[in-house]
A.B. asks: 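This is the structure I have questions about; it appears just below.
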Amino acid sequence: MDNCITMIKYQGLGNDYLVLDPNKNRVQLQGKKIALLCQRGFGLGADGILYGPIEIDGKMGVRIFNSDGSEAAISGNGVRIFAKYLMDHEYVKEQKFSIQTLSGPIEVECLNNRATEFRVKMGKASFISREIPVTGEVREVINESFTFHNKEYKATCLTVGNPHCIIFMNQVTPELAKELGPYVENADEFPEKMNLQICRKIDTGNLDIEIWERGSGYTKASGTGSCAAAVAAYRLGLVESRVNVNQPGGMIQIDIKDDDTIYMTGTVGYVADMSVAESFFS
Ligand SMILES: N[C@@H](CCC[C@H](N)C(=O)O)C(=O)O
């Protein structure tokens, strides 16, 4: 049998990631191999891969890859999952610590003794076109008309370390997210592509979203997507500063502070240790 590489699968509200620890496996990650590993037919199946702990800017960090092999600067569910991995494998012993990502340092706090719930300081959002990015003159992209798949939509775009497009609707369904998602993800107005959340306001404390992720497609949950939907709804005066974001995989709670700092609270779960054929990496 091939020499095996160990990977550990976790999920955050059904948004599943494989953790590959280079300190335990001598392997190099390549984009096309990531896509193969994440396939749910020929591979292990996952929405992405978390590669770490590695050093980023001199601190303990993680690199985040989508299932198509593209790299993301940040993943909300991914950060909670990686925080659990670090505690499960005794890289950290404190309840509060920081994880370095390509989007910068992310402060996490473990909320229980089983390391299955975390509160994460996700930083601040920006609606400024140049920072998201969205093409055209520099402006805040709020309730702006876009045409996707020959139909006009009002969309609010923002970055929470990665780019998000929020479209409020009276009804959200997986089918609509899957139909609209690829057009939004690859629209010419979004030079670094785009994550889409279609969003329905339930009341001033609850939203319902369906998700199409840049580089991963339809997923059951998104931490950054939850942050983006909550902040967009708050900016539009639709919700209070504490919002439960409901999605197919469960609920993520978002708190927006007076200084606009976003906090995300949500659960994570261990799934399995997996031995992977070395041929996946050669
Ligand atoms: N599921 C993640 C988002 C992962 C990154 C996203 N696909 C991107 O490319 O920006 C989350 O929980 O935030």
Side-chain angles (χ1 to χ4, degrees), residues 9-19 31 34-35 38 45-52 61-85 99 101-104 106 108 117-123 125-126 131-134 157-166 174 177-178 181-182 184-187 190-199 207 209-232 245-254 262-269:
K9 189 168 190 179
Y10 292 86
Q11 54 78 22
L13 284 70
N15 186 209
D16 56 348
Y17 282 86
L18 295 163
V19 176
I34 292 171
C38 291
D47 291 329
I49 286 181
L50 304 173
Y51 184 74
V62 62
R63 290 180 67 185
I64 299 159
F65 296 91
N66 293 312
S67 60
D68 69 352
S70 63
E71 185 163 7
I74 182 70
S75 163
N77 287 324
V79 163
R80 294 201 319 278
I81 285 169
F82 196 67
K84 178 170 179 54
Y85 175 78
I99 299 172
T101 69
L102 295 187
S103 170
I106 303 289
V108 300
E117 188 172 24
F118 290 85
R119 186 169 188 258
V120 182
K121 183 178 180 181
M122 294 292 287
S126 171
E131 297 179 15
I132 298 170
V134 180
C157 298
L158 64 164
T159 179
V160 291
N162 59 351
H164 290 269
C165 176
I166 311 297
K178 292 173 184 175
V184 175
E185 176 184 5
N186 299 292
F190 308 135
E192 293 180 14
K193 297 191 176 186
M194 183 59 78
N195 295 286
L196 169 67
Q197 278 74 223
I198 54 177
C199 184
L207 297 173
I209 63 171
E210 287 282 354
I211 302 145
W212 180 270
E213 274 194 40
R214 173 181 67 171
S216 294
Y218 181 78
T219 62
K220 294 182 177 61
S222 175
T224 53
S226 298
C227 294
V231 170
V245 183
N246 302 280
Q247 49 217 290
M251 185 276 287
I252 290 176
Q253 185 170 82
I254 305 298
I262 308 160
Y263 284 85
M264 168 190 68
T265 302
T267 58
V268 289

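Below, all heavy atoms of this structure are taken into account, side chains as well, without hydrogens, waters or symmetry copies. Ligands are counted one by one from 1 in listed order, and the atoms in each one are counted from 1 as well. Being a predicted model, the structure only gives us computed values, none of them experimental.
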A.B. asks: Residue by residue, ordered by chain and number, which ones reach under 4.0 Å of ligand 1 with a heavy atom?
C.D. replies: Asn15, Tyr17, Asn66, Ala72, Ile74, Ser75, Gly76, Asn77, Asn162, Asn195, Glu213, Arg214, Ser222, Gly223, Thr224
A.B. asks: Holding to side chain to side chain donor-acceptor pair (under 3.5 Å), I want the full list of residues that pass it with Thr219, two or more places apart in sequence or in another chain.
C.D. replies: Glu213
A.B. asks: Could you check if a side-chain atom of Gln197 sits within less than 4.5 angstrom of a side-chain atom of Gln247, using non-hydrogen atoms only?
C.D. replies: no
A.B. asks: Does any part of the side chain of Ile74, heavy atoms only, come nearer than 4.5 Å to the side chain of Met122, both counted from C-beta?
C.D. replies: yes
A.B. asks: Counting only heavy atoms not in Lys9, do more than 12 fall under 6.0 Å of its NZ?
C.D. replies: yes
A.B. asks: Kindly compute the distance separating CG (Asn77) from OG1 (Thr224), expressed to the nearest 0.5 Å.
C.D. replies: 8.0 Å
A.B. asks: Taking the side chain as every heavy atom from C-beta outward, state whether Asp47 and Cys38 have any pair of such atoms under 4.5 Å apart.
C.D. replies: no
